Structures are given as C-alpha cells and as structure tokens.
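As structure tokens, the structure follows; a few thoughts come after it.
All values derive from a computational prediction rather than experimental measurement. Protein chains get the first letters and strands the later ones, always in sequence-line order, with residue 1 at the start of each. Values reported hereafter were calculated over all heavy atoms of this structure, with side chains retained and with hydrogens, waters and symmetry mates removed.
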Amino acid sequence: MRALSQAARVTEHHANPMPASSLHWFRDDLRLADNPALSAAVAHGPTLFLYILDEGGSRRPLGGASRWWLSRSLAALASALEAKGSELVLMRGDPAAILPRVVETSGVDLVTWSRRYDAPSMALDSRLKADLTAAGTRVESFNAALLNEPWQVATKTGDPMKVFTPYWRAARAVGEPAAPMPAPRRMASLPLPAALAAMAVSHAELALEPTRPDWAGGLRETWTPGEAGAAARLSEFLAGPLDGYGEGRDRPDRVATSRLSPHLRFGEIGPRQIWHATRSAIESGDASAGSSDVEKFLSEVGWREFSYHLLFYNPDLATENFNRRFDAFPWRRDEPALERWQRGLTGYPIVDAGLRELWTTGWMHNRVRMITASFLIKHLLIDWRQGEDWFWDTLVDADPANNAAGWQWVAGSGADASPYYRIFNPVTQGLKFDTAGRYVRRWVPEIAGLDDSLIHEPWKADAGALRRAGIALGETYPRPIVDLDLGRKRALDALAMTRSEDAPG
DNA sequence: AGGTATTTTGA
DNA sequence: CAAAATACC
C-alpha cells in the first residue's frame with residue numbers, strides 16, 4: 001500500500017509538479033514566535049496548521065488541569081492564526097494514522113515539528129519521520145523547548161550528567177542561546193482538502209474542559225493561557241519580582257515568582273525567549289535586579305533543562321527510582337491518608353494550604369511543592385509516585401520531566417537529590433517562609449482567626465484561643481494526621497536502609 | 001533547596 | 001542570655 005502510493009506520488013510530481021507547500025504539526029509548541037519549525041514551514045510555502053489530540057496511544061494521558069489549559073491554549077493559538085488569515089485544523093486520534101493520510105491527500109512536500117523528549121513521544125515521532133520520509137515527504141524537526149538539546153551537555157567522558165551544578169556550568173559553556181526568532185510576519189494558509197473535512201473536529205468537540213462539575217473556575221480566574229498571556233507574565237515578572245527574586249522566590253505569601261511554568265509546559269513561550277528577554281531587561285535598565293537575582297532566575301530555567309536531560313537518559317523517570325537503592329523502600333499503602341493529603345486535610349496548615357492552592361488554581365508555589373511532597377513521602381511514607389500522579393492530574397504545568405524529577409529529588413531517589421535526612425518540618429518551614437501566615441490564611445480560611453504565633457500549629461492553641469478564632473479542632477479543622485516527631489523518626493529509620501555501606505555506590 | 005542539639009559568640 | 005555558627009543525623 002505504502003509502496004504503491006509512493007510510486008504514484010513520484011509519478012505525479014514528475015508529470016505536473018505541485019507548488020511547494022507544508023504542514024506544521026503543533027504539539028507542545030503552541031506559539032508563533034521563536035518557533036523555528038513553524039517558521040521553516042511558513043517560509044517553504046502555504047502551510048497547513050494542524051493539532052492532533054492524541055489520547056489513546058502509549059503517551060501518558062494528560063491530567064484534568066492540563067486538559068483545561070490545553071483547551072484554552074488551542075483557542076488562543078487559533079485566534080492568533082486567524083488574525084493572520086490562517087486556520088488551525090484540529091483532529092483527534094492516532095497521529096501515526098492521521099498524519100500520513102493528511103500529508104498524502106494535501107500533497108504537502110514538507111512537514112515540520114518541534115521535538116519532544118518523553119520516550120513514547122520520541123518513539124512516535126521517529127516512526128512518523130521514517131514513514132513520511134519513505135513516502136517521499138521531507139520531515140524537519142527543530143528545538144523549540146530547550147536551551148540545549150539533552151545530548152549537547154555531557155561529562156568529559158561523554159556520559160550523562162547527574163549533578164545540577166556541573167550540568168549547568170557545562171550547559172552555559174555550550175554557548176549563548178540562539179536569539180529567538182520573531183513570529184512570521186505573513187503566512188499563507190493551506191486549507192484542509194475537502195476530502196479530509198470529515199477528519200477535522202471543532203474545538204468544542206475536543207471536550208477538553210470540565211462541565212459537570214465545572215471545577216475550573218479558579219483556573220479561569222488565575223490564568224490567561226496562550227502566547228500573549230505568557231508574554232504578559234514575563235514582562236510583569238521582569239519589571240517587578242525579578243528584583244529580589246533570590247530571596248522572594250521562597251515566599252509563597254508574595255507574588256515573587258514568574259509563574260511561567262504552565263506557559264513553558266505548552267510551549268507558549270520558550271526558554272530562549274526568557275533568557276534573552278531577561279538579559280535585555282537588565283541591559284536596557286527596564287529591570288533593576290542585581291546579577292545574583294538574574295542568575296538565580298536563569299538557574300531555575302536551568303533546573304528545567306536538567307530535568308529534561310535526566311528524562312532523556314532515563315525514560316522511566318516518572319515510574320522508576322533513579323537511584324535503584326530505593327526499589328526496596330518500605331512504602332506504606334494508606335489510601336485514607338493519601339486522600340486527606342490530596343484534599344488538604346492533614347492538619348498541618350502550610351501543607352493543607354498548598355494542596356488547596358493546587359486544587360483551586362492548578363498551580364502550587366515551588367517552596368510549598370517541596371514541603372507538601374516531603375510531608376507525603378517522609379512523614380506519611382507514601383510512595384513518591386502516588387504524589388507524582390496527583391500533581392500530574394491537578395497541575396496546569398504538569399510536565400513529564402519537571403514533575404518526575406522534582407518528586408524524585410524530594411524523595412531522595414533522584415539525581416543530585418535532597419539528602420535522606422532532609423525532612424521538612426512543616427511548622428518550621430511555615431514560620432520561615434510564611435512568617436505572618438498570609439498564605440495559610442488565604443487557603444485555609446477556617447483557621448484565619450488564630451494569632452500569627454499559632455497559625456502554623458493550631459493544635460497548640462488553648463481552648464480560649466480556639467474559641468476566639470471560632471475553631472472546633474477535629475471538627476472545623478483536623479487535628480494533625482501524624483505526629484511530626486514520630487513521622488520524622490519513622491522516616492529516618494526507613495531511609496537508613498537506602499544508605500548502607502555495602503550497597504553499590 | 002534541612003532539622004535539631006550543642007557550642008560559640010557578642011550585645 | 002539570645003542569636004548565630006557548628007556538628008551530626
């Protein structure tokens with residue numbers, strides 16, 4: 001079948017050569033600027049712009065919050081294309097079946113896309129590249145998601161890197177990231193052939209947003225998905241919170257971080273753009289941050305790069321311990337505790353605040369991600385993969401590299417991970433990073449009436465303080481699910497086995 | 001990118 | 001004597 005159609009195509013090309021045309025397959029690069037694959041397609045000739053919702057294959061299904069974001073991001077992208085006289089074609093199904101058919105019927109002679117790095121996506125993309133090439137169509141893939149390709153950074157002996165600091169030093173030594181490309185000024189749209197009209201689906205038919213119940217109200221209030229929303233967030237960050245970022249980034253009670261993560265996740269903005277925008281804001285004097293704030297911010301972009309490096313060389317990063325000593329770790333199965341953690345009912349205010357922020361907005365401050373993850377893993381001894389799953393379902397920035405690497409880092413099973421004895425105390429952390437309890441009061445309003453001195457440990461309030469604050473401990477707000485000292489000792493005992501001297505180094 | 005007990009420091 | 005540095009887990 002394939003050989004036959006290939007022969008037909010070659011004959012056809014010789015008989016009456018068709019004008020050059022292209023197809024850009026959008027995936028996690030939902031932007032027009034700094035999108036080299038898109039630019040290459042547009043420069044080649046009239047372009048068919050295609051997105052395929054791929055839910056049945058071996059790729060990890062998107063979580064609910066990510067589906068909501070994707071829906072809004074696709075709508076934004078469609079509008080941006082429409083403003084340039086082009087159309088975004090939406091389809092649903094297996095790209096391995098859909099793409100060759102669209103390419104063949106539309107007669108495009110160039111297909112472009114931006115690379116992905118999770119194993120099932122890479123397998124799918126390689127297969128498609130081979131199939132389309134064999135059928136006579138040129139395929140070009142580009143880097144839109146990273147400063148450096150994962151394989152561009154290596155140790156002196158050519159091995160993958162396992163520690164962040166040398167990784168980031170080596171990554172910076174690769175050279176200054178390329179300047180971002182502007183969005184194509186003009187683009188000619190290649191319409192979907194009439195014969196394929198039945199394959200296209202409407203945005204509504206993708207059914208990516210929740211209806212009954214509609215739990216996305218908090219997401220809508222918090223975010224503006226899409227390329228323009230991403231650019232606005234970056235500008236606001238550079239003009240404000242970047243100054244003082246080094247200290248402010250740890251404070252969940254302030255708006256002191258960029259909150260670009262979901263925009264990055266869906267490629268509404270790329271790290272090259274962030275890098276150069278940050279540099280020029282400093283050089284032009286539009287931002288007044290010190291060099292340590294800038295370095296700190298760029299190194300956060302570096303952690304994302306490092307996570308992708310780890311994922312590329314460890315395709316099972318989300319399911320297998322990077323450090324195999326953790327394979328025998330005595331995790332507890334405790335569904336009631338897991339559920340109380342998920343719902344923000346552990347009795348530890350900063351933990352509960354974080355999980356409720358996550359549930360309501362689809363996002364959680366990084367400092368609080370570490371605190372809540374540490375609590376689940378260490379105080380509750382619940383497998384990091386159960387926490388990773390929850391974050392995957394509820395985060396709008398759920399990312400195959402960052403989410404897995406972050407959880408393994410907290411568990412201590414990851415690369416350059418948190419040491420086994422680092423067990424975050426939610427009270428200490430709360431006092432240190434949410435000093436006045438503003439973050440807790442926002443997300444755990446039922447204890448908002450407590451004094452600052454008790455806001456992070458309501459179980460220490462005496463009957464009078466509880467009555468004044470209108471709290472019935474154990475009824476309107478839970479007592480602690482586990483004792484901190486007992487949980488800490490239990491975790492240290494369990495973790496001791498991962499560091500016995502006879503284990504392989 | 002910690003916590004905690006202990007020691008040291010300096011107002 | 002409280003805060004800061006240190007040692008150890």
query = Is the shortest heavy-atom distance from the side chain of A/Leu264 to the side chain of A/Ile274 under 4.5 Å?
reply = yes
key: Proximity of A/Tyr167 and A/Phe306 rings by center, below 6.0 Å   = yes
inquiry  = If I take atom OH in residue A/Tyr421 and atom C1' in nucleotide C/dC8, what distance separates them, rounded to the nearest angstrom?
reply    = 9 Å
inquiry  = Base, sugar-phosphate or nothing for A/Ser418? Non-hydrogen atoms, less than 4.0 Å.
reply    = nothing
ask   = Which residues satisfy the salt bridge (charged side-chain N to carboxylate O under 4.0 Å, His left out) test with A/Asp389, sequence neighbours excluded?
value = A/Arg60
message = By the 4.0 Å heavy-atom rule, please label A/Arg249 as base, sugar-phosphate, or nothing.
response = base
query = Would a line drawn from the ring center of A/Trp392 to the ring center of A/Trp407 be shorter than 6.0 Å?
reply = no
query = What is the minimum heavy-atom distance between A/Arg272 and A/Ala144, and which atoms define it?
reply = NH2-CA, 3.7 Å
task = Identify whether any heavy atom of A/Arg488 sits under 4.0 Å from a base atom; if not, whether one sits that close to sugar-phosphate; answer base, sugar-phosphate or nothing.
result = base
ask   = NA contact type, A/Phe424, heavy-atom cut-off 4.0 Å: base, sugar-phosphate, or nothing?
value = sugar-phosphate
key: For chain A, the stretch of DNA chain B it reaches, first to last nucleotide, under 4.0 Å of its heavy atoms   = B/dA1 to B/dT4
task = Measure from the ring center of A/Trp168 to the ring center of A/His309 and say whether it is less than 6.0 Å.
result = no
inquiry  = What's A/Lys296 touching, base or sugar-phosphate or nothing? Going by heavy atoms closer than 4.0 Å.
reply    = sugar-phosphate
